[in-house]
Amino acid sequence: MLAGKEFFQQGKYADARARFEAVISGGASDDASAAAQFGLASCLDAEGKPSDALNAHPLLAHLPCTNTPARSGPPALAPPPTLPPARAD
């Protein structure tokens, strides 16, 4: 996972994507898998594939895909989003 983040920060998105995909397919914990899915989505977005990025992470899949202006410099790899607390019904 750390190698994926380092590759991402170096702008080596294909290498980072491969590392994140390995974490996802390797049966990692739920937390690690969720973080890797977010990293994968970040890589796809950085590679100019916003639709694929939105579909790479379950929490992003419902968001509309819009064209955004070009970024200056590499995108920042943000931490995975936190889930709201479960409702007690």
Side-chain angles (χ1 to χ4, degrees):
M1 185 74 170
L2 184 58
K5 184 176 179 180
E6 289 176 8
F7 280 132
F8 184 90
Q9 291 172 336
Q10 295 169 7
K12 298 177 181 178
Y13 305 122
D15 292 331
R17 185 169 26 90
R19 298 299 172 112
F20 292 130
E21 288 171 340
V23 170
I24 294 166
S25 65
S29 70
D30 288 345
D31 289 342
S33 182
Q37 287 175 332
F38 193 80
L40 174 60
S42 297
C43 290
L44 291 166
D45 185 49
E47 292 175 319
K49 303 173 186 173
S51 294
D52 292 341
L54 290 175
N55 292 321
H57 194 287
L59 294 177
L60 303 176
H62 72 283
L63 299 174
C65 179
T66 59
N67 291 332
T68 57
R71 296 184 179 104
S72 60
L77 183 59
T82 56
L83 298 174
R87 292 181 22 189
D89 290 333

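Just the heavy atoms: all of them, side chains too, but no hydrogens, waters or symmetry mates, feed the values below. Only a predicted model underlies this, so the values are computations on that prediction, with no experimental measurement involved.
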inquiry  = My understanding is that only residues two or more places apart in sequence, or in another chain, count here; which of them pass side chain to side chain donor-acceptor pair (under 3.5 Å) with K49?
reply    =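 Result, side chain to side chain donor-acceptor pair (under 3.5 Å) vs K49: none returned.
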If you look at every heavy atom in [X] and [Y], which pair is closest and at what distance?
| X | Y | result |
| --- | --- | --- |
| S33 | I24 | O-CG1, 4.1 Å |
| F20 | K5 | CZ-N, 3.7 Å |
| R17 | C43 | N-SG, 3.6 Å |
| V23 | A36 | CG1-CB, 3.6 Å |

